[in-house]
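Shown next, in structure tokens, is the structure this report addresses.
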Amino acid sequence: MPFEQPPLPYAKDALVPHLSVEHFDFHYGKHHKAYLDKLNELTAGKPEGSKSLEELIKTTEGPLFNQAAQVWNHTFYWNCMKKGGGGAPSGKLADAIKRDFGSFDDFKKKFHEAGMTQFGSGWAWLVLKNGKLEVAKSANAECPLKQGATPILTCDVWEHAYYIDYRNARAKFLDTFLASLVNWDFAAKNYEKAGGK
Ligand code: MN
């Protein structure tokens with residue numbers, strides 16, 4: 001069974017005006033799909049083809065790791081956004097953000113900074129590691145699952161993630177992601193699933 005591209009969790013025009021249909025045509029329809037096609041090419045007829053993406057991320061390196069991680073990262077990322085998103089989390093995750101960052105504003109500042117200081121392609125993350133929330137950044141396909149951390153939220157800061165709608169303005173894209181796109185319900189679910197207290 002080849003790996004399959006899960007459908008977007010919303011319509012391609014759901015995040016307009018923050019992310020355009022054209023953005024999803026390219027980012028989901030071409031970039032994400034290309035990672036899947038390449039992953040299927042690399043695993044066709046091999047035992048790796050029947051492993052989960054998480055297993056491949058944890059146990060492989062090089063081209064196979066890159067494709068598997070980029071497939072997983074993007075599927076996770078689509079779910080990190082929703083129509084009418086942004087604002088602030090509530091419940092346990094909100095309490096934990098306050099506990100581990102001091103305040104929600106301090107978290108936002110750190111997350112934005114991680115996205116801005118990731119030189120070149122990569123990702124900004126909110127992760128749970130050893131019972132504590134941390135902000136992290138990763139280069140290219142790198143995924144916190146490989147470092148034993150649980151992803152709670154991510155933002156894609158590859159140029160292809162914002163060039164269509166924001167041109168070179170990564171800071172403006174990160175501002176918009178935090179203010180208007182973040183799906184805090186998804187992040188809260190990830191936090192609870194990971195056993196966050
Ligand atoms: Mn991307």
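Position 1 is the first residue of the sequence; numbering continues from there.
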Side chains of [X] and [Y], heavy atoms from C-beta outward: is any pair under 4.5 Å?
X	Y	result
Thr150	Lys129	no
Leu19	Phe173	yes
Val127	Val135	no
Thr176	Tyr166	yes

Evaluation steps, salt bridge (charged side-chain N to carboxylate O under 4.0 Å, His left out), between Asp185 and Lys189: CA-CA 6 Å; Asp185 299 334; Lys189 265 185 221 152; over 6 Å; no

Are any side-chain N or O atoms of [X] and backbone N or O atoms of [Y], one a donor and one an acceptor, separated by less than 3.5 Å?
X	Y	result
Asn40	Phe3	yes
His18	Ser180	no
Ser50	Pro47	yes
Glu142	Ala69	no
Asp156	Trp158	yes

Least distance between heavy atoms, [X] atom then [Y] atom:
X	Y	value
Ile152	Leu133	CG1-CD2, 4.1 Å
Ile164	Ser20	CG2-OG, 4.0 Å
Gln70	Tyr35	NE2-OH, 3.1 Å
Phe24	Leu15	CZ-CD1, 3.8 Å
Met116	Arg170	SD-C, 4.0 Å
Val157	Tyr162	O-CE2, 3.6 Å

Mind checking the [atom1]-[atom2] spacing from [X] to [Y]? Nearest 0.5 Å is all I need.
X	Y	atom1	atom2	answer
Leu53	Gln67	CG	CD	11.5 Å
Lys132	Asp100	NZ	CG	5.0 Å
His160	His23	NE2	NE2	7.5 Å
Arg99	Lys92	CZ	NZ	10.5 Å
Leu174	Lys172	CG	NZ	12.5 Å
Cys155	Phe111	SG	CZ	5.5 Å

Decide yes or no on side chain to side chain donor-acceptor pair (under 3.5 Å) for Ser138 and Trp125, but give the supporting numbers first. CA-CA 8 Å; Ser138 73; Trp125 301 89; 2.9 Å; yes

Whether [Y] and [X] form a salt bridge (side-chain N of Lys/Arg under 4.0 Å from carboxylate O of Asp/Glu) is what I want to check.
X	Y	result
Lys110	Glu113	no
Asp25	Lys12	yes
Lys109	Asp105	no

Could you walk me through whether Leu39 and Leu56 satisfy the side-chain contact (heavy atoms from CB on, under 4.5 Å) test, starting with their C-alpha distance in whole Å, then the side-chain angles of each, then the deciding distance to 0.1 Å, before giving a yes or no? CA-CA 10 Å; Leu39 177 64; Leu56 291 177; 4.2 Å; yes

In terms of ring plane angle, is the pair Trp78 and His27 parallel, tilted or perpendicular, where the classes change at 30° and 60°?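 Geometry flag for His27 against Trp78: perpendicular rings.
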
Give me the ring orientation class for Phe104 and Phe107: parallel if the planes are under 30° apart, tilted from 30 to 60°, perpendicular past 60°.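 Parallel, since the angle between the ring planes stays under 30°.
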
Taking the six-membered ring for Trp, are His74 and Trp123 ring centroids under 6.0 Å apart?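 Judged by ring-centre distance (under 6.0 Å), His74 and Trp123 do meet the cut-off.
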
Measure centre to centre between the rings of Phe76 and Phe186, then say whether the value is under 6.0 Å.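 Yes, the ring centres sit under 6.0 Å apart.
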
Step-by-step side-chain contact (heavy atoms from CB on, under 4.5 Å) determination, His32 to Gln5: CA-CA 8 Å; His32 193 194; Gln5 186 177 25; 3.2 Å; yes

Membership question, hydrophobic clusters at under 4.5 Å side-chain separation (ILVMFWY): are Phe65 and Leu36 in the same one?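 Yes, Leu36 connects to Phe65 through the hydrophobic network.
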
Spell out, yes or no, whether Val21 and Phe177 are grouped together once hydrophobic residues are joined by side-chain heavy atoms under 4.5 Å, including indirect joins.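 Each belongs to a different hydrophobic cluster.
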
How about Lys98: does its NZ atom have over 12 heavy atoms from other parts shown lying under 6.0 Å from it?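 No.
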
More than 12 heavy atoms from other groups under 6.0 Å of NZ on Lys82: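 More than 12 heavy atoms, drawn from other residues, nucleotides or ligands, come within 6.0 Å of this atom.
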
Go through the steps for Lys197 and Glu192 under the test salt bridge (charged side-chain N to carboxylate O under 4.0 Å, His left out), then give the verdict. CA-CA 7 Å; Lys197 292 185 179 77; Glu192 297 222 359; over 6 Å; no

Start with the C-alpha distance between Glu48 and Leu64, add both sets of side-chain angles, then the distance that settles side-chain contact (heavy atoms from CB on, under 4.5 Å), and finish with yes or no. CA-CA 9 Å; Glu48 286 87 349; Leu64 184 50; 3.7 Å; yes

Evaluate side-chain contact (heavy atoms from CB on, under 4.5 Å) for Tyr10 paired with Asn79, printing each intermediate quantity in order. CA-CA 9 Å; Tyr10 32 71; Asn79 283 285; over 6 Å; no

What residue among Asn183, Leu181, Val182, Leu153 forms side-chain contact (heavy atoms from CB on, under 4.5 Å) with Cys80?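 The single option meeting the side-chain contact (heavy atoms from CB on, under 4.5 Å) with Cys80 is Leu153.
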
side-chain contact (heavy atoms from CB on, under 4.5 Å), paired with Pro89, selected from Ile97, Leu126, Asp95: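 When side-chain contact (heavy atoms from CB on, under 4.5 Å) is applied between Pro89 and each of Ile97, Leu126, Asp95, only Ile97 qualifies.
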
